[in-house]
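Lettering of chains follows the sequences in order, A, B, ..., and the numbering in each one begins at 1. As the structure is a computational prediction, the values presented were derived from the model and not from experiment.
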Number of protein chains: 2
Amino acid sequence: MPNKHVKEMEALKEHLGKHQLKLTRQRELILSAFLRQEHITAEAMYHQLAKSDPHLGLATIYRTLNLFCDAGLAQARHFGTQTQYDNISHKGHHDHLICTDCGKIVEFENCDIERLQEEVATQNGFIIKTHRLELYGLCSRCRH
Amino acid sequence: MPNKHVKEMEALKEHLGKHQLKLTRQRELILSAFLRQEHITAEAMYHQLAKSDPHLGLATIYRTLNLFCDAGLAQARHFGTQTQYDNISHKGHHDHLICTDCGKIVEFENCDIERLQEEVATQNGFIIKTHRLELYGLCSRCRH
DNA sequence: ATTGAAATTGATAAGCTGTCTCAAAATGAT
DNA sequence: ATCATTTTGAGACAGCTTATCAATTTCAAT
């Protein structure tokens, strides 16, 4: 596990400890692979890891990615018929423009929107931990 | 069909005419029910209409809602494991502040955020049809 | 280091949502 | 009214995700 993933590893361990869960070889392996991606599906990770670990089950991948969501390391996003698991640390504050016709996804970042979100939260007594902003529409090619 | 839905009915007829499709009792019924909602799932509409029309098939609902998407009256949005069909004519978007601790949900609306969203979309050549904004955090009670 | 209760895994069955199939019915142009 | 074409309803089917469960692994307490 690269050094730069130590922080996430610690976050996972903390979550495991709090919930009487155990650190397994598979969880370490999947975390390591997950942190290298910006976002990935369970199926894609299954095929990716099959090379180095042929007996890693698909159910374990799903269970572990959902665990990462609980631990705040990942965020599930449903698009089409599949679920994308977004890497929170990569994401930082990236949001998505999604073409409903061809499925194209454009990532963007907008500080002004972030600031307004904070404002709205403060007005309502909230402290924001994460957010999800998705804009659905047609990309330049599909709108014709 | 209420008078206020005449415009949508005409839009549907125009689409049907252009594509050699036919206006059926079911399509009228489903349109009428759909226009009364801000958004709905196929399953929910199935149960809702089952009372007045027990033999209306679920497949027909799906087919018809997808037809509405093609006709520009509806917009499909994947939410959780299900597909929400949004009523395009309802413009009043409410976004959500969600407390991850107690589950409290506060709805809000912010024109400035909406405007910035349009800006971002335009910069990327997109035309927005719908969006989804959720802020996750702790509400005033739970943050202590 | 060993033990043992509790959690996890892998393989697969089951569940859910949405689409496809096809014979019967409805539509609408003629 | 006729008839080619489209649509419907019911259920089969397909894709993605979760549940089941015996075998294995983890880890805290010896």
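Side chain of A:Gln82, nearest nucleotide from D:dT7, C:dT8, D:dT17: D:dT17.
Taking 4.0 angstrom as the limit, B:Thr83 places a side-chain polar atom (N or O) nearer than this to OP1 or OP2 of C:dG18. For the pair B:Gln26 and D:dG9, the criterion of a side-chain N or O lying under 4.0 Å from OP1 or OP2 is met. The side chain of A:Arg25 places no N or O atom within less than 4.0 Å of a non-bridging phosphate oxygen (OP1 or OP2) of D:dT26. Distances shorter than 4.0 Å separate some side-chain N or O of A:Asn66 from OP1 or OP2 on D:dT18.
A side chain to side chain donor-acceptor pair (under 3.5 Å) with A:Thr83 is found for one member of A:Arg77, A:Glu43, A:His78 and no other, namely A:His78.
Near DNA chain C, meaning a heavy atom under 4.0 Å from it, residues 39-63 of chain B has B:Ala59, B:Tyr62, B:Arg63 in order of number.
Ring centroid separation for the pair A:Phe68 and A:Phe34 comes in under the 6.0 Å cut-off.
At whole-Å resolution of the value, CG in B:Leu16 and C1' in C:dA29 are 16 Å apart. Distance A:Leu67 CG to C:dT9 C1': 14 Å, rounded to the nearest Å. Computed from coordinates, the A:Ile30 CD1 to C:dT8 C1' distance equals 11 Å when rounded to whole Å. Atoms CG (A:Leu12) and P (C:dT8) sit 11 Å apart, rounded to a whole Å. Summarising the geometry, the separation between CZ on A:Phe68 and P on C:dT8 is reported as 13 Å, rounded to the nearest angstrom. As a whole-Å value, the separation of B:Arg27 CZ from C:dA25 C1' is 14 Å. As a whole-Å value, the separation of A:Phe79 CZ from D:dT17 P is 14 Å.
Separating the OG1 atom in B:Thr41 from the NE2 atom in B:His47 is a distance of 9.5 Å, to the nearest 0.5 Å.
For the pair A:Glu38/A:Asn87, no side-chain contact is recorded, criterion being any heavy-atom separation below 4.5 Å from C-beta on. Side-chain contact between A:Tyr136 and B:Asp86 is absent, with no heavy-atom pair separated by less than 4.5 Å. A heavy-atom distance below 4.5 Å is found between the side chains of A:Gln117 and B:Leu133. Looking at A:Gln48 and A:Ile40, their side chains come closer than 4.5 Å, going by heavy atoms from C-beta outward.
Taking the nucleotide of DNA chain C with the nearest heavy atom to each of B:Leu21 and B:His78, the more 5' of the two is matched to B:His78.
If you check distances only, the side chain of B:Lys22 never reaches the base of D:dT6 with a donor-acceptor pair under 3.5 Å.
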